[in-house]
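This report refers to the structure that appears directly beneath it.
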2 protein chains.
Amino acid sequence: MTNSPAAATMLPTSLDLSEAPCLRLDLAAPDVTAAVSAAALLADPTRSAVLAMLRDGPHCVCEISAALHERQNNLSMHLARLRDAGLIRRTLIEADARRVYYERDEAACAKALAQLFDLLAKSESRR
Amino acid sequence: MTNSPAAATMLPTSLDLSEAPCLRLDLAAPDVTAAVSAAALLADPTRSAVLAMLRDGPHCVCEISAALHERQNNLSMHLARLRDAGLIRRTLIEADARRVYYERDEAACAKALAQLFDLLAKSESRR
DNA sequence: GTGTTGTATCAGTCCACATTGAGACAGTTT
DNA sequence: AAACTGTCTCAATGTGGACTGATACAACAC
């Protein structure tokens with residue numbers, strides 16, 4: 001009855017370092033702006049699905065729109081955000097000048113991945 | 001004067017595949033829910049900075065709060081979201097039972113990274 | 001020319017979520 | 001016991017961003 005809701009979720013691991021607590025209140029805030037920007041782009045299902053679809057080569061807007069069941073104007077906005085971030089680029093298909101094809105910029109994708117890697121990988125793995 | 005704003009941003013790369021356009025309107029939508037969930041967690045500056053701070057070992061809430069200049073209750077909510085996702089966990093420091101320490105769950109972080117890797121890495125690199 | 005298709009952009013609406021402010025609770029100190 | 005510190009939770013507010021609807025434009029077919 002005196003059970004607090006906070007105690008219910010308190011399931012800590014025992015870490016037995018019996019050294020002095022010695023608070024560090026002067027720690028510097030890490031710069032994570034690049035990783036946050038990359039993550040924000042991937043945090044939308046439509047944008048992530050676009051990047052996934054383009055892994056196996058270019059596709060035109062109508063193909064992507066049909067596959068994702070997304071309205072064309074919404075998809076166009078998401079494509080613009082990915083394009084502004086440099087992760088995808090337009091591609092001309094000579095035999096089909098009417099449609100707009102998009103392809104991934106693998107170098108930009110690798111760079112974004114590296115920024116997320118720096119955030120999530122173990123300390124020994126980084127650098 | 002007849003310059004359209006769309007044409008201004010049209011800077012495509014020349015990709016000379018003169019095969020038939022052959023639209024694929026039956027493409028399957030890729031499943032990106034796991035990667036999107038991981039990215040959504042990282043898409044907030046506070047949460048990303050917490051993960052970055054915990055790379056070099058556990059820290060208590062007040063240390064993180066001071067370093068990030070975040071109000072404690074906001075930080076507590078972000079910590080709860082990272083904890084619910086399994087990326088961090090509470091840690092007991094015996095010499096300092098008053099404070100709550102958090103540490104990264106490296107296995108969970110590696111799993112999240114793998115999901116993002118699957119989305120962003122080149123096709124040859126995946127699987 | 002007109003009509004149709006494919007894509008982009010804009011204004012407006014809506015909603016998830018980050019923040020604020022207040023309060024509750026546990027552990028420590030006196 | 002009271003006072004204080006550290007952390008968590010809740011209700012209310014504010015806002016970025018995703019969606020809707022409409023429109024504009026280019027390329028092609030007629």
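Hydrogens, waters and symmetry mates play no part in the numbers below; they use all other heavy atoms, side chains included. A, B, ... follow the sequence lines: proteins, then strands. Residue 1 opens every chain.
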Length of the line joining A/Q72:CD and C/dT4:P, which is rounded to integer Å: 18 Å
Closest to side chain of B/Y102, choosing from D/dA18, D/dT7, D/dC8: D/dC8
Taking CD1 from B/I64 and P from D/dG6, how many angstroms apart are they, rounded to a whole number? 14 Å
Nearest-Å distance for atom pair CD1/P, residues A/I93 and C/dT7: 12 Å
Counting the atoms with a prime plus P, OP1 and OP2 as sugar-phosphate, which does B/D44 contact under 4.0 Å by heavy atoms, base, sugar-phosphate, or nothing? sugar-phosphate
Among C/dT7, D/dT20, C/dT19, which nucleotide has an atom closest to any side-chain atom of A/N74? D/dT20
Side-chain donor-acceptor pair present, B/T91, B/E103, cut-off under 3.5 Å: yes
Could you state the atom-to-atom distance from CZ of B/R71 to P of D/dG6 in whole Å? 16 Å
With no hydrogens and no angle check, is any side-chain donor or acceptor of B/S65 less than 3.5 Å from a backbone partner on B/V61? no
Between its two end axes (five pairs each) the helix from C/dG1-D/dC30 to C/dT30-D/dA1 turns, nearest 10 degrees, through 10°
Determine, using the 4.5 Å side-chain heavy-atom cutoff (strictly less than), whether A/M77 and A/L41 are members of one ILVMFWY cluster. no
Whole-Å distance between D/dA18 C1' and A/N73 CG? 11 Å
Between D/dG6 (P) and B/L75 (CG): distance, integer Å: 14 Å
Quick check for you: among D/dA18, C/dA18, C/dT28, whose closest atom lies nearest to any side-chain atom of A/H78? D/dA18
Test: A/R55 and B/D118 ion pair at under 4.0 Å: yes
Dump the intermediate steps for salt bridge (charged side-chain N to carboxylate O under 4.0 Å, His left out) on B/R24 and B/D26, then the final yes or no. CA-CA 6 Å; B/R24 295 295 311 279; B/D26 57 342; 3.1 Å; yes
Gap between atoms CE and P, on B/M77 and C/dG23 respectively (whole Å): 20 Å
Checking D/dT20, C/dT7, C/dT5 against the side chain of A/R99 (C-beta onward), the nearest is C/dT7
Euclidean distance, atom CG of residue A/L79 to atom C1' of D/dA18 [Å, nearest integer]: 14 Å
Run the salt bridge (charged side-chain N to carboxylate O under 4.0 Å, His left out) check on A/R81 and A/D84 step by step: do they pass? CA-CA 5 Å; A/R81 290 196 55 178; A/D84 291 344; over 6 Å; no
Shortest side-chain distance from B/V61, nucleotide among C/dT7, C/dT19, D/dT7: D/dT7
Between D/dC28, C/dT20, D/dC19, which nucleotide gets closest to the side-chain atoms of A/E70? D/dC19
Where the side chain of A/R81 is defined as all heavy atoms beyond and including C-beta, which of D/dA18, D/dC28, D/dT9 is the nearest nucleotide? D/dA18
